[in-house]
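Throughout, a chain's letter reflects where its sequence line sits, starting with A, and its residues are numbered from 1.
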Amino acid sequence: MNDSGTTMAKETMQAIGDKSKNSESSEVKMFGLLAEFETPGAILSAAKKVNEAGYKWWDCCVPFPVHGLDKAMGVRPTILPWIVLGAGITGAILGALLQWYTNAATLELWSGPITVTGYAFLVSGKPFASIPTWIPVMFELTILLAAISCVVFMFVLNKLPQFYHPCFNVKRFARVTDDRFFIVIEARDPNFYQEKTAEMLTSLGATAVEEVPA
Amino acid sequence: MTTLPIDNTLDDPTKRSPLVLGHDDFASVTNTICNVNERRRPPRAWYICFAISSTFLGILGILIGYLFWTGVGVWGNQNPAMWGFPIVNFVFWVGIGHAGTLISAILFLFRQKWRTAINRFAEAMTIFAVICAGMYPGIHVGRVWVTYWLFPIPNQMEMWPQFRSPLLWDVFAVGTYFTVSLLFWYVGMVPDLATLRDRATTKFKAIAYGIFALGWRGSMRHWHRYERAYLLLAALATPLVLSVHSVVSFDFAVAQLPGWHTTIFPPYFVAGAIFSGFAMVMTLAIPARQWWGLKDFITMRHLENMNKIILVTGSMVGYAYAMEFFTAWYSGSMYESFAFVNRAFGQYAWAYWIMVSCNVIVPQIFWFRKARQSILIMFIASLLVNVGMWFERFVIIVTSLTQDFLPSSWDYFTPTWVDLVMFAGSFGLFLTLFLLFIRFLPVIAIAEVKAVMPQANPHADHGGDH
């Protein structure tokens, strides 16, 4: 099946640009094909093959992260850690600025209804900019900003929340959060030909292959 | 005693003990855990506990109203012990809150897979304990309508909080801890909320769980970022959890009061916090696994592991108690030496010895395998540890405050009935939230438990088939 996958990929390279061909093949508008697998091992080897066949618009939906599946699918590393690093550094700087401004400066930022002005706070003759005492608050703000941005950007990069997805219309897909493993290949993929793709998925060990209406 | 189908407490290094008993497919795991939320009625014990705890919550609400109306004089806080029950309870509850993040973050980084059965529990407990803790400083300030002075918000006096004070560090530490714990808990729960959404039998449930599940569909591309985010959160929460009780201990250690002014406080507080937190997890997990049929997930091995941690941290706490005495003697400071001799043999000796017996002596029973595997013994021990850890905070705060440098200002602290009932009320708040959590949210991390089952290894069944 591996061979036919690659030849299929070659054929499609020529067919790119003639996208209407894909949607005309079925009368109802289709989101793609959904293939069900029963074990993590089955979906892992199937995902490898689908990736090798050159598909781009496809996904695996699984009840828990199957070890090595992201690699098999060719998922590229996420930039999330860099965002979190940036947020952490911002938090530390913010913490230092906050404490410097509120306890060591006399700078007036705003004199509206509420005056926002620094207050050089003299306590027992301690230095205004007492850096060792800034550390706990700087540390906490580092963690706070890093953690919040970690969660927020994880969801943003995942394009969640997304309450509607065509797969939710397929009844068997409800078991994706229980005990079934699914491969979804979207119709917009240039390599997608309904019959050939379905054939390939069956030969990869799918226990069921179903159309997903758009 | 429980009877287990397989004994998974044996320590044979050549074999990996099963973490889930009696389930050989993923669906039965989902069914058993979801049954906790999906059964039409919770067990009778739930109703009884809920009736009691919500009554105490109501009493707490009334007493807070009484406090606001009358003033902080309703408490026993009086010169020289201006920090009485409110701060003792604050430190007690913050400490309880430490086990959750320890289990979810530190054990995650150490790849301790057994954490998956108890992490959701413990994280929930953390959040509710921190809510109880956070309440106390809020109502302790006296003029509650200016509680916002705790935060760096511009006010009518054009003044800011004083950032050289550990009390303000506390605001940041506890605030951050609460936020990060909540995020950690919620992020971990999203896939399980999706499970409950997909199994929902009524439209209302599907929508309610669906909103919080954010449309999670188990996409591996999502899981990829999700796992990375979870790892990052664990890495961020680990230093955080160690910092929170360190900062709480600075409230004392930075002061110059004998008995407070010691550098051992941060590690000693952190060990104590983990100790008390694990004891509270035990107290809650033992009845919960019994009533909701979760013994296959929270197995004897899990309980035994927790008992081992209680033994270790309890001994660390005992070591800290001993070192405090050594340091006091070695310092040559007469005030410091007096503070400690006074703790053990002075007017609060009864509290000190309750603390030592509960925190140091009781956990030593876990050196014995029989005790580590006896439900009754571990349940009683966990209750005693909770008692002991409350007394630890009482001893630290009250003995040092009531008898410091100047004998003419010495006094004896006596709590009022409001102090005592409010403390009971805080348990009402804690347990009410916890019971609601058990009823409506996934109590065990379903996706995580599946991932640690042998069947989840994609290479296991592959090799077997060929």
Does the distance from a Lys or Arg side-chain N to an Asp or Glu carboxylate O, for Asp59(A) and Arg221(B), drop under 4.0 Å?
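Yes, this pair counts.
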
Is Lys113(B) salt-bridged to Glu448(B), going by a charged N under 4.0 Å from an acidic O?
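Looking at Lys113(B) and Glu448(B), the cut-off is not met.
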
For the aromatic rings, using the six-membered ring if either is Trp, is the centroid distance between [X] and [Y] under 6.0 Å?
X         : Y         : result
Tyr177(B) : His98(B)  : yes
Phe163(B) : Phe172(B) : yes
Tyr55(A)  : Phe192(A) : no
Phe182(A) : Phe37(A)  : no

Chain A interface, residue from [options] that has the most non-hydrogen pairs under 4.5 Å:
options                                   : answer
Ser219(B), Ala447(B), Ala229(B)           : Ser219(B)
Arg228(B), Arg199(B), His224(B)           : His224(B)
Leu240(B), Val190(B), Val180(B)           : Leu240(B)
Trp169(B), Trp160(B), Tyr226(B), Phe26(B) : Trp160(B)

Ignoring hydrogens and geometry, is there a side-chain-to-backbone donor-acceptor pair from Arg164(B) to Phe121(A) under 3.5 Å?
yes

Any donor-acceptor N/O pair, Asp189(A) side chain to Asn191(A) backbone, under 3.5 Å
yes

In terms of heavy-atom proximity below 4.5 Å to chain A, should [X] be classed as side chain, backbone, both, or neither?
X         : answer
Trp223(B) : side chain
Thr179(B) : side chain
Pro166(B) : neither
Gln162(B) : both
Val171(B) : neither

Pick from [options] with the largest number of heavy-atom pairs that fall under 4.5 Å of chain B:
options                                    : result
Asp179(A), Leu141(A), Asn103(A), Val123(A) : Asn103(A)
Ala104(A), Pro63(A), Pro65(A)              : Pro65(A)
Ile43(A), Thr117(A), Val116(A)             : Thr117(A)
Thr133(A), Leu144(A), Thr102(A)            : Thr102(A)
Arg180(A), Arg175(A), Gln162(A)            : Gln162(A)

Which heavy atom of [X] sits nearest to which heavy atom of [Y], and what is that distance?
X         : Y         : result
Val270(B) : Leu242(B) : CG2-O, 3.4 Å
Ala237(B) : Thr101(B) : CB-CG2, 3.6 Å
Arg120(B) : Ile444(B) : NH1-O, 3.9 Å
Thr177(A) : Thr30(B)  : O-CG2, 4.4 Å

Kindly indicate, with the supporting measurements, whether the criterion side-chain contact (heavy atoms from CB on, under 4.5 Å) is fulfilled by Leu34(A) and Val209(A).
CA-CA 6 Å; Leu34(A) 182 76; Val209(A) 179; over 6 Å; no

Side chain, backbone, both or neither of [X] within contact of chain B (heavy atoms, under 4.5 Å):
X         : answer
Ile148(A) : both
Phe181(A) : side chain
Phe139(A) : side chain
Cys167(A) : neither
Arg76(A)  : backbone
Ser130(A) : side chain
Pro136(A) : side chain
Tyr164(A) : neither
His165(A) : side chain
Val176(A) : side chain
Leu44(A)  : side chain

Run Asp251(B) and Asp170(B) through side-chain contact (heavy atoms from CB on, under 4.5 Å) and show every step you take.
CA-CA 8 Å; Asp251(B) 293 347; Asp170(B) 236 13; 2.5 Å; yes

Compare all side-chain heavy atoms of Met220(B) with those of Val75(A) and state whether any distance is below 4.5 angstrom.
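Sidechains of Val75(A) and Met220(B): no contact.
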
Within residues 84-100 of chain A, which residues come under 4.5 Å of chain B, heavy atom to heavy atom?
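Against chain B, the residues of residues 84-100 of chain A that fall inside the cut-off (heavy atoms, under 4.5 Å) are Val84(A), Leu98(A), Gln99(A).
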
Could you label the plane-to-plane angle of the Tyr230(B) and Phe108(B) rings as parallel, tilted or perpendicular, counting under 30° as parallel and over 60° as perpendicular?
perpendicular

Answer yes or no: does atom OH of Tyr119(A) have more than 12 heavy-atom neighbours from other residues, nucleotides or ligands under 6.0 Å?
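No, OH of Tyr119(A) has 12 or fewer neighbouring heavy atoms, counting only those of other groups under 6.0 Å.
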
Start with the C-alpha distance between Met73(A) and Asn51(A), add both sets of side-chain angles, then the distance that settles side-chain contact (heavy atoms from CB on, under 4.5 Å), and finish with yes or no.
CA-CA 6 Å; Met73(A) 289 169 66; Asn51(A) 188 35; 5.6 Å; no

